[in-house]
Undergrad: 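Shown below is the structure under consideration.
This is a predicted model, so every value here is computed, not measured. Computed over heavy atoms, backbone and side chain alike; hydrogens, waters and symmetry mates excluded. Both counts, for ligands and for their atoms, begin at 1 and track the order of listing.
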Amino acid sequence: MCSDRTSASTETTAPGVVLELDDIQFGVLHQRPASYVGTYLLLRIDDRAAGRKLVERLLPVIEPARASSDPARDAWVSVAFTYHGLKALGVPQVSLDSFAPEFRQGMAARAADLGDVGDSGPDHWEKPLGSPEIHVALSVLSPDAGQLESLLDRARRAHEELAGVEAIWRQDCYQLPTGRTSFGFKDGIGQPAMEGSGVPGSNPDELPIKAGEFLLGYPDETGSTGPMPVPEILGRNGTYLAFRKLHTRVAAYRQYLRAKAASREEEALLGAKMVGRWPSGAPLALSPERDDPELGADPSRNNRFGYGDDLRGFKCPAGAHARRANPRDALDHEMSVDVRLHRMLRLGTSYGPALPDGVLEDDGADRGIIFVFAGTHPKRQFEFVKTQWLNDGIFIGAPAEKDPLAGVNDGSGTFTVPQHPIRRRLQSLPPFVITRGGEYCFAPGLRALRWLADPDTRNS
Ligand code: HEM
């Protein structure tokens, strides 16, 4: 899903923080092309020396975030490691123990907390997702298939012919020029601005979030640099990723809306109420009655809103996906909740063929979203949002309700649409999203990659 990214095309100038752009992976900070194709590859390291060789060979392929002199460069490779991957590379235990607990446990072990149960449970995950076999994750993105192939070739040359490193999973992905994902809604609009990136945010009411929320080694919103992996060279300028393959039941979603609505207009309205935005990306907060494609396409306006004037949710229901995931100023009266501590970068993308418009029957195809969270606090950012805001409704005064789109629904849930004269309550919400697998990864900075590749540097 969600993809527009903060551009790092300028040197950082914000007072107080200077990002080490030469050391940050390009893919963490760089704005993605408007449409692109990509591939995720997962690798297993069977031999430590071969694993280190792999990292050494990847080094020239992974570019830093510093602005390139080549204006045409918008294809790149990113690399991240799981806990078992770092272990396979020979990272000392004392260092492994210094990483965030969720990363150390792995996502399958967190399944019950995250709501990955039933059909979404690890027993049903696509192999080898969720297994300790996954060590290295590579993502390759490019605006066109030609460049993708040549970059993939470079990534492949880094691991093929290396006895002791095995490619064990591949997933192709893409972003359409419209930015729309499988349910038909434009995604990737609501992204936080990062202090020090030099790029103004798209929501003037949200001050840029401290760099330490997204990159290790910088002060975060609490004023500290947070728990840092040791040694410092390994953690600095790195970030955690939560990678999830989320299958979307598009036909079930369309059938549900058809059954609940009296007209196509009402169907579109209910769909928008569930998401918090219209298919074009226009937010309900600014355009509550109908879609406004011009607004949806205008980056200077489509994220410039709050919910403070709509606390009861007549424009955008408090239970809508995007409002749950980022309640903005709607929680300002709740002194105990600081929304800024729960922001995240989303680097996700689409996979699988689109279900053609108007089709209500399931064609059996696997389609959905590769959801990728990036941030330095997997628990209070990704896990908090998933468990407290998407899978629960206590914070909006509706404890029994979950996110209608991405929550853990089981056919018994409800979704309330406030309206005059009486609210509408949609019943019997089935699950529209099934987890096919996932993993926590760590995307290191470039110095850390050199450290991982060369044990001698570790000792120096
Ligand atoms: C298949 C599952 C999902 C789908 C189809 C989906 C779709 C969307 C859509 C259409 C938007 C509105 C566009 C935008 O504001 O950028 C959105 C926003 C968002 N989603 Fe999701 N999403 C999914 C899962 C998740 C999950 C699991 C999380 C976090 C744990 C999440 C976090 C967010 C956030 C933070 C926003 C931005 C809200 C804002 O800043 O206003 N999403 N999503």
Undergrad: NZ of K315: more than 12 outside heavy atoms within 6.0 angstrom?
TA: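 Yes.
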
Undergrad: May I ask whether R328 has any heavy atom positioned less than 4.0 angstrom from an atom of ligand 1?
TA: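 For ligand 1, residue contact (heavy atoms, under 4.0 Å) with R328 is present.
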
Undergrad: Using a heavy-atom cut-off of under 4.0 Å, does the side chain or the backbone of F373 touch ligand 1, or both, or neither?
TA: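 F373 to ligand 1: no contact under 4.0 Å from either part.
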
Undergrad: Is T248 in contact with ligand 1, taking contact as a heavy-atom separation below 4.0 Å?
TA: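 In this structure, T248 qualifies as a contact of ligand 1 - some heavy atom is under 4.0 Å.
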
Undergrad: What part of N303, side chain from CB on, backbone N/CA/C/O, both or neither, has a heavy atom under 4.0 Å from ligand 1?
TA: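 No part of N303 comes within reach of ligand 1.
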
Undergrad: Can the positive tip of R328 be found less than 6.0 Å from the middle of the six-membered ring of F305, inside 45° of the ring normal?
TA: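 Yes, R328 and F305 form such a contact.
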
Undergrad: Can you sort out which atoms of ligand 1 are near G188, meaning under 4.0 Å from one of its heavy atoms?
TA: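 Every atom of ligand 1 under 4.0 Å from some heavy atom of G188: 16 (O).
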
Undergrad: For the pair S197 (side chain) and M194 (backbone), establish whether a donor and an acceptor sit closer than 3.5 Å, ignoring hydrogens and angles.
TA: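 Checking the backbone N and O of M194 against the side chain of S197, a donor-acceptor pair under 3.5 Å is found.
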
Undergrad: Can you sort out which atoms of ligand 1 are near A322, meaning under 4.0 Å from one of its heavy atoms?
TA: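 Those atoms are 38 (C), 41 (O).
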
Undergrad: Are any of the N/O atoms on R277, whether in the backbone or the side chain, positioned under 3.5 angstrom from an N/O atom of ligand 1?
TA: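 Checking ligand 1 against R277, an N or O pair does fall under 3.5 Å apart.
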
Undergrad: At a 4.0 Å threshold, what atoms of ligand 1 neighbour a non-hydrogen atom of F185?
TA: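 By the 4.0 Å cutoff, the relevant atoms are 10 (C).
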
Undergrad: Does any N or O in the side chain of Y174 come within less than 3.5 Å of the main-chain N or O of G352, such that one atom is a donor and the other an acceptor?
TA: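 Between the backbone of G352 and the side chain of Y174 there is a qualifying donor-acceptor contact (under 3.5 Å).
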
Undergrad: Using a 3.5 Å cut-off on N or O atoms only, is N326 in polar contact with ligand 1?
TA: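 Yes, there is a polar N/O contact under 3.5 Å.
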
Undergrad: Quick one: is the NZ or CZ of K245 closer than 6.0 Å to the six-membered ring centre of F371, and within 45° of its axis?
TA: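 No.
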
Undergrad: With sequence neighbours excluded, tell me which residues meet side chain to side chain contact (heavy atoms under 4.5 Å, CB included) with E206.
TA: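 Listed in chain order: P192, N203, I209, R340, R343.
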
Undergrad: Which ligand 1 atoms, with their elements, are less than 4.0 angstrom from a heavy-atom of V275?
TA: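 Result: 10 (C).
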
Undergrad: Whether the side chain of H84 engages the backbone of F81 through a donor-acceptor N/O pair (distance < 3.5 Å, no angle test) should be reported.
TA: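 Between the backbone of F81 and the side chain of H84 there is no qualifying donor-acceptor contact (under 3.5 Å).
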
Undergrad: Any idea which atoms of ligand 1 are less than 4.0 Å away from a heavy-atom of I369?
TA: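 Counting from 1, the qualifying ligand atoms are 1 (C), 4 (C), 5 (C).
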
Undergrad: Measure from atom 21 (Fe) of ligand 1 to every N/O/S atom of H321 and report the name of the nearest one.
TA: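 Going through the N, O and S atoms of H321 one by one, NE2 ends up nearest to atom 21 (Fe) of ligand 1.
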
Undergrad: Using a strict 4.0 Å threshold on nitrogen-to-oxygen distance, state whether R304 and D205 make a salt bridge.
TA: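 Salt bridge between R304 and D205, a charged N being under 4.0 Å from a carboxylate O: no.
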
Undergrad: Are R236 and Y218 in a cation-pi contact, defined as NZ or CZ under 6.0 Å from the six-membered ring centre and within 45° of the axis?
TA: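 Yes - R236 lies over the ring of Y218, closer than 6.0 Å to its centre and within 45° of its axis.
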
Undergrad: Looking at R423, K273, E401, which hits side-chain hydrogen bond (donor to acceptor under 3.5 Å, both in side chains) with T416?
TA: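 Testing each of R423, K273, E401 against T416, the sole residue satisfying side-chain hydrogen bond (donor to acceptor under 3.5 Å, both in side chains) is E401.
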
Undergrad: If you count the atoms of ligand 1 from 1 in the order shown, which ones are under 4.0 Å from a heavy atom of G190?
TA: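 Listed by number with element: 14 (C), 15 (O), 16 (O), 37 (C), 40 (O).
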
Undergrad: Could you tell me whether a side-chain N or O of T239 sits under 3.5 Å from a main-chain N or O of G375, the two making a donor and an acceptor?
TA: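 Answer holds: yes.
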
Undergrad: Please identify which atoms of ligand 1 are closer than 4.0 Å to at least one heavy atom of F183.
TA: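 By the 4.0 Å cutoff, the relevant atoms are 5 (C).
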
Undergrad: What do you reckon, does G368 put a non-hydrogen atom under 4.0 Å from ligand 1?
TA: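 Outside the 4.0 Å threshold, so no.
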
Undergrad: Please report whether ligand 1 has a polar contact with I189, defined as an N or O pair separated by less than 3.5 Å (distance criterion only).
TA: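 Yes; the residue has a nitrogen or oxygen that sits under 3.5 Å from a nitrogen or oxygen of the ligand.
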
Undergrad: Less than 4.0 Å is my threshold; does some heavy atom of Q191 fall inside it relative to ligand 1?
TA: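 False for this residue.
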
Undergrad: Identify, by atom number and element, the atoms of ligand 1 in contact range of F382, meaning under 4.0 Å from any of its heavy atoms.
TA: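 Those of ligand 1 that fall under 4.0 Å from F382 are 30 (C).
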
Undergrad: Within the structure, is a non-hydrogen atom of K186 found at a distance of less than 4.0 Å from ligand 1?
TA: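 Yes, K186 has heavy atoms under 4.0 Å from ligand 1.
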
Undergrad: Sequence neighbours excluded, which residues qualify as ring pair (Phe, Tyr, Trp, His ring centres under 6.0 Å) partners of W389?
TA: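 By the ring pair (Phe, Tyr, Trp, His ring centres under 6.0 Å) rule, W389 matches H342, F384, F395.
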
